[in-house]
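For reference, the structure is listed below as structure tokens.
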Amino acid sequence: MARYTTRAAEERVRSRVRRPARAAAAVTAVAAGLVLVLGAPAPAASGHGGGGDTPRVTRAALDPALVAGRGATVDFAEQEAENASTDGTVIGPDRTAYTLPSEASGRAAVRLEPGRYVEFTLPRAADALTVRYSIPDAPEGGGITAPLDVSVDGRHRATMTLTSRYSWLYNQYPFSNDPRGDLLHPDWWITECGCVPAATTPAPAIDKPFRPSHFYDEQRLLLGRRYTAGDTVRLTMPRNSTAAWTVIDLLDTQLVGAPHVERHAVNVLAFGADPTGRRDAGDAFDRAVAHARKRHLEVYLPPGTYQVNRHIVVDDVTIVGAGSWYTIVKGHQVTLDTPASDGSVHTGVGFYGKDAADGGSHDVHLSGFAVEGDVRERVDTDQVNAIGGALGDSTIDGLYLHHTKVGMWFDGPMAGLRVTRTVIADQIADGVNFHTGVTGSSVSDTFVRNTGDDGLAMWSEKSADARNVFAHNTVQSPVLANGIALYGGTDNTVTGNLVADPVREGSAVQVGSRFGAEPFGGHLRITDNTTVRSGPFELNWKIGLGALWFYALERDIDADIEVTGDHFLDNTYNAVMLVSDFPVKDKYAIRGVRFKDIRVDGTGTSVLSARSAGSASFENVDARNVGAVGIDNCGSFNFPASGSEFAVNDLGGNDGGGTTGPWLASWELPNTITCDDRPPVVPPPAPAPW
């Protein structure tokens with residue numbers, strides 16, 4: 001979610017809780033483009049990544065059988081570069097923030113030097129591909145461009161022009177494009193020196209660039225013809241490349257087919273829209289929308305690239321493209337002469353409903369096109385999102401949203417929105433945010449990758465989000481914050497999702513009373529989700545999180561909460577954490593959460609980390625490959641003689657464990673103090689069929 005001044009306040013609060021050690025050396029290594037990461041395994045030698053000629057299709061870098069029925073149903077096949085044939089160098093695995101491998105899908109990738117390649121074998125017919133990659137930033141920031149040759153079956157097909165203009169952020173929140181910049185907030189406590197720099201004498205030396213992140217971008221390419229299973233796609237870094245190196249994370253391939261044609265609709269070409277993208281089409285879009293509303297017709301966007309550098313305001317209208325590969329609405333970010341009334345200092349391409357204060361928009365239906373933004377910096381007051389405003393009783397289907405601030409940010413009150421089959425990639429902030437009184441709405445079968453903040457969020461600021469559903473979505477590699485975040489709300493559901501590889505200051509799923517959110521009320525259901533390679537290290541607290549993270553910062557969490565049927569795989573630290581922030585540990589509690597029919601396959605430390613007053617019950621929770629004591633029970637850190645302030649209720653059927661025995665042993669119940677902030681971490685084996 002977009003964060004405002006609360007981020008600074010939280011950083012200062014956290015500074016009183018934990019003071020992590022210096023980590024600047026790892027930052028320097030990444031900034032220099034080195035592949036060896038401190039604290040991580042050395043890179044593999046050049047040669048085959050491991051795939052040979054046999055295509056290995058994955059989902060979130062996992063065997064698809066492990067996540068059957070979960071996550072978004074997508075029309076592309078994902079192949080990880082580290083599993084393909086290559087004469088490059090495999091980097092990773094690594095889960096340390098601010099490193100290239102840590103932000104890669106599956107936490108590993110392939111680094112190419114000039115002249116080197118990585119080659120994939122098509123698992124099925126395809127005529128289009130998406131490459132997820134990283135190339136260096138310019139020394140002074142702002143990005144560079146570099147070529148990447150694409151060959152199919154040994155024949156050169158195209159040269160892609162990669163860019164780092166939309167990646168490589170630095171410094172503290174809300175981040176900077178300047179690798180040479182001084183600290184944005186010298187009055188904040190930072191882990192690198194374990195101090196508040198502005199209040200420290202002598203002043204600490206802070207390495208530059210400071211905290212580089214957001215290394216990856218993706219680019220799509222239509223191949224111009226259909227290729228069959230068994231054909232090979234080779235990505236080669238040319239010998240004369242302008243980049244020092246190119247990292248390939250993965251390749252997605254798919255069969256796009258022919259463009260969609262809508263014959264009985266208002267065609268934007270008839271109103272002067274330029275499909276070459278040379279002339280601004282915003283006014284032509286407005287005219288077409290107005291005409292369609294009068295005639296009760298749809299608006300059709302035929303194949304082409306349309307330049308739009310502002311919001312297209314939509315209400316009671318259907319806009320249909322030829323497909324997101326063929327119809328591209330693309331704009332420049334524009335600096336406003338004076339700030340807008342909402343605080344925006346920029347505008348850019350986006351389709352917006354009317355403000356909720358003005359009644360919002362209704363019966364809007366958007367499908368079959370791409371929105372390509374030009375957002376390279378994070379300004380939280382800016383409305384430079386691909387889709388925004390209030391859209392009640394509306395649908396969004398089959399879009400591709402790229403390089404905007406937030407893919408979709410909805411400001412309620414509003415109701416009855418359905419988002420389906422959409423791809424959101426490379427955002428500066430969130431993927432989707434239901435903000436303030438969004439009710440009866442859903443996001444499903446949507447794929448979100450490489451957000452700069454929460455992938456999917458419900459934020460009940462001022463007014464509760466209620467009766468919403470996030471179902472069968474995939475969220476991969478959020479660079480900051482969580483895969484799925486719930487900040488307050490009533491009667492909401494998160495079900496059937498797949499969340500992978502959150503990097504820092506968040507986890508796969510967070511339930512948080514924070515950011516001024518309304519309390520949790522009614523019920524909350526978190527069911528049948530799978531998380532993988534989550535439960536990361538919290539850099540501010542210097543402890544491991546849980547893949548599922550309950551966080552009581554501003555009030556109690558005591559609604560009717562059930563966590564049922566979820567699978568927590570390959571957890572870096574804990575599977576589940578319940579925590580009240582230290583300054584409010586005696587004020588707020590987390591009560592009565594019920595866990596049932598859960599599978600935990602691999603934890604670096606514990607199954608449950610309890611750092612709050614309160615209680616939870618467990619039934620049929622099976623765990624294996626547990627690296628430490630099953631329950632790390634610190635309660636609220638008062639350590640009374642009567643036991644922890646957090647009580648665990650064993651309802652039966654809780655089996656399995658790891659290096660220290662059963663994960664839920666009788667001696668741990670109901671509230672034995674087993675507090676160990678930093679136990680030895682035992683990296684779990686790769687997930688396997690249960």
Side-chain angles (χ1 to χ4, degrees), residues 1-5 7 137-138 140-143 163-179 181 184-185 213-214 217 277 279-283 285-286 305-314 328-358 370-391 399-411 424-433 435-436 450-454 457 459 479-480:
M1 60 176 288
R3 287 164 168 80
Y4 302 91
T5 55
R7 167 67 65 178
D137 196 3
E140 69 283 0
T163 182
S164 52
R165 291 173 179 164
Y166 300 99
S167 48
W168 291 93
L169 297 177
Y170 306 93
N171 221 306
Q172 298 157 292
Y173 173 89
F175 316 114
S176 165
N177 298 123
D178 183 5
L184 294 178
H185 305 285
S213 68
H214 215 278
D217 201 355
R279 292 183 289 108
D280 192 291
D283 291 347
F285 275 38
D286 287 345
T305 297
Y306 302 90
Q307 181 188 157
V308 176
N309 303 311
R310 59 173 175 82
H311 299 168
I312 301 298
V313 178
V314 289
I328 300 167
V329 185
K330 185 173 184 176
H332 304 294
Q333 182 168 283
V334 177
T335 301
L336 301 174
D337 293 333
T338 58
S341 58
D342 60 12
S344 296
V345 295
H346 301 96
T347 190
V349 60
F351 291 80
Y352 271 66
K354 295 186 295 185
D355 288 346
D358 297 325
V371 177
E372 284 275 357
D374 187 33
V375 178
R376 309 180 195 184
E377 60 183 331
R378 178 165 177 165
V379 181
D380 278 337
T381 55
D382 272 353
Q383 286 285 350
V384 286
N385 310 314
I387 312 292
L391 295 175
L399 303 189
Y400 177 78
L401 309 179
H402 198 220
H403 290 160
T404 56
K405 187 182 83 172
V406 176
M408 304 184 198
W409 182 284
F410 300 104
D411 289 304
I424 303 171
D426 303 326
Q427 302 296 309
I428 287 289
D430 303 32
V432 178
N433 197 308
H435 177 230
T436 303
N450 195 38
T451 55
D453 217 303
D454 296 326
W459 183 15
V479 175
L480 177 73

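What you see is a predicted model; the values in this text were computed from it and never measured. Note that the numbering runs from 1 along the sequence shown for the chain. When reading the values below, keep in mind they use all heavy atoms of this one structure, side chains included, and skip hydrogens, waters and symmetry mates.
With no hydrogens or angles considered, a side-chain donor-acceptor pair links Asp280 and Asn309 at under 3.5 Å. His403 and Asp217 are linked by a side-chain donor-acceptor pair at a separation below 3.5 angstrom, with hydrogens and angles left out of the test. If you check the side chains of Asp342 and Ser344, you find a donor sitting under 3.5 Å from an acceptor.
When all heavy atoms of Ile328 and Glu372 are compared, the pair lying nearest together is CG2-CG, 3.8 Å. Counting all heavy atoms, side chain and backbone alike, His185 lies closest to Pro174 at NE2-CD, 4.0 Å. Scanning both residues, Val406 and Ala429, for their nearest heavy atoms gives CG2-CB, 3.8 Å. Considering all non-hydrogen atoms of both residues, Thr381 and Gly343 come closest at OG1-O, 3.1 Å. Taking both residues in full, the closest heavy atoms of Gly143 and Ala138 are given as O-CB, 3.7 Å, listed atom of the first, atom of the second, then distance.
Val345 has its side chain within reach of Asp382: a pair of non-hydrogen atoms, C-beta onward, lies under 4.5 Å apart. Side-chain atoms of Asp454 and Trp459, non-hydrogen and from C-beta on, never get closer than 4.5 Å to each other. By the 4.5 Å heavy-atom criterion applied to side chains, His346 and Pro339 are not counted as neighbours. No side-chain heavy atom of Val349 sits under 4.5 Å from any side-chain heavy atom of Ile312. The closest side-chain heavy-atom distance from Phe410 to Leu391 is below 4.5 Å. At least one side-chain heavy atom of Leu480 sits less than 4.5 Å from a side-chain heavy atom of Phe175. At least one side-chain heavy atom of Asp380 sits less than 4.5 Å from a side-chain heavy atom of Arg378. For the pair Thr404/Val384, no side-chain contact is recorded, criterion being any heavy-atom separation below 4.5 Å from C-beta on.
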Derivation of the side chain to side chain contact (heavy atoms under 4.5 Å, CB included) call for Val432 and Ile424: CA-CA 9 Å; Val432 178; Ile424 303 171; 3.5 Å; yes
Trace of the side chain to side chain contact (heavy atoms under 4.5 Å, CB included) decision for Val313 with Lys354: CA-CA 7 Å; Val313 178; Lys354 295 186 295 185; 4.1 Å; yes
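The residues Lys405 and Asp430 are annotated as not salt-bridged, no charged nitrogen and carboxylate oxygen being separated by less than 4.0 angstrom.
Asn171 places a side-chain N or O within donor-acceptor distance of the main-chain N or O of Leu184, the cut-off being under 3.5 Å. A donor-acceptor pair is defined here as one N or O able to donate and one able to accept, closer than 3.5 Å; such a pair exists between the side chain of Gln427 and the backbone of Gly407.
Put simply, CG on Leu399 and CD1 on Ile387 are 5.5 Å apart, with the number rounded to the nearest 0.5 Å. Rounded to the nearest 0.5 angstrom, Thr338 OG1 and Leu336 CG are separated by 7.0 Å. Here the CD-CD1 distance, from Glu377 to Ile428, works out to 8.5 Å after rounding to the nearest 0.5 Å. Taken from NZ in Lys330 to OG1 in Thr305, the straight-line distance is 7.0 Å, to the nearest 0.5 Å.
In this structure, Tyr306 has its ring center under 6.0 Å from that of Phe285.
Partners of Asp411 under the side chain to side chain contact (heavy atoms under 4.5 Å, CB included) rule, at least two apart in sequence or in another chain, are Gln383, Trp409, His435. With sequence neighbours left out, Arg310 forms a side-chain hydrogen bond (donor to acceptor under 3.5 Å, both in side chains) with Asp283, Asp286. Scanning for ring-ring contact (aromatic ring centres under 6.0 Å, His included) contacts around His402 gives Tyr400, with sequence neighbours left out.
Cation-pi geometry between Arg376 and Tyr166 is met: under 6.0 angstrom from the ring centre, within 45 degrees of the axis.
Considering Asp137, Asp178, Asn177 as possible partners of Tyr170, the one that fulfils the side chain to side chain contact (heavy atoms under 4.5 Å, CB included) test is Asp137.
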